[in-house]
Amino acid sequence: MSERSVKFYSCANCPAYCCTYDQIETTAADIRRLARHFGLSEEQARRRFTKPVEGGARRALRHRRDEIFGSACRFLDPERRRCTIYAARPRICRVYPGTPRCGFYDFLMSERRSQDDPEYVPSFRRG
Ligand code: SF4
Ligand code: SF4
């Protein structure tokens, strides 16, 4: 999505649900960028930051425990709910959700209206 496109969501007002998907895919270029960012070899970055998925056919970002959703990307700041490697984040994180609307954001806003609480976060966990 072009940065000039109209967006009907605000990531600044969301606890980063999309950073909790189990399979946040990384490409070879993403791993190279992570390696450069951390001053590591590509092999070190691949092993340290990614895990095999689909029987090893692809690599996804590793997770760690998360207070809100149970599990989230290891690069998510658990307090501020922000990416700690924003400049070096994988391509998939740059293009998501790829549409003017974010389904989770619509759901979140609906729940906050229902609860009459602008900071309400639905209590469901991924793992
Ligand atoms: S779930 Fe949607 S609104 Fe929340 S951080 Fe991700 S893209 Fe932004
Ligand atoms: S790299 Fe950053 S933007 Fe991508 S899933 Fe992890 S915390 Fe979220």
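Each ligand, and each atom within it, is numbered from 1 in the order the structure gives.
Distance check: L34 CG to F75 CZ gives 5.0 Å after rounding to the nearest 0.5 Å.
Counting the atoms of ligand 2 from 1 in the order shown, those under 4.0 Å from a heavy atom of C93 are 1 (S), 3 (S), 4 (Fe), 5 (S). Close contacts between ligand 2 and I24 involve ligand atoms 5 (S) [criterion: under 4.0 Å to a heavy atom]. Residue contact check: C73 has heavy atoms under 4.0 Å from atoms 1 (S), 5 (S), 6 (Fe), 7 (S) of ligand 2. Residue F75 has at least one heavy-atom neighbour below 4.0 Å for each of these atoms of ligand 2: 7 (S). Atom numbering of ligand 2 starts at 1 in the shown order; those under 4.0 Å from a heavy atom of L76 are 7 (S). Counting the atoms of ligand 2 from 1 in the order shown, those under 4.0 Å from a heavy atom of P90 are 1 (S). Residue contact check: L61 has heavy atoms under 4.0 Å from atoms 1 (S), 6 (Fe) of ligand 2.
The aromatic rings of F104 and F69 lie perpendicular to each other, with more than 60° between the two planes, well past the 30° mark. Ring geometry, Y21 versus Y96: the interplanar angle exceeds 60°, so the pair is classed perpendicular (tilted spans 30 to 60°).
When all heavy atoms of R94 and Y86 are compared, the closest pair comes out as NH2-O, 4.2 Å. Between F107 and P122, the shortest heavy-atom distance links the atoms CE2-CG, 3.6 Å.
Tracing side-chain contacts under 4.5 Å through hydrophobic residues (I, L, V, M, F, W, Y), one never reaches I92 starting from I31; they form parts of separate clusters. Taken together through direct or relayed side-chain contacts under 4.5 Å among Ile, Leu, Val, Met, Phe, Trp and Tyr, F38 and L61 form part of one hydrophobic cluster.
Of the protein's heavy atoms, C19 SG, 2.3 Å lies nearest to atom 8 (Fe) of ligand 2.
With hydrogens and angles ignored, the 3.5 Å screen pairs no side-chain donor or acceptor of R74 with any backbone N or O of R64.
Closer than 2.8 Å to atom 2 (Fe) of ligand 1 sit the protein N, O or S atoms C102 SG.
With F8 as the aromatic partner, R101 meets the cation-pi criteria of under 6.0 angstrom to the ring centre and within 45 degrees of the ring axis.
Atom 2 (Fe) of ligand 2 has C83 among its coordinating residues (N/O/S atom, backbone or side chain, under 2.8 Å).
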*Check the pair F49 / L40 against side chain to side chain contact (heavy atoms under 4.5 Å, CB included), numbers first and verdict last.*
CA-CA 11 Å; F49 304 136; L40 299 171; 3.7 Å; yes
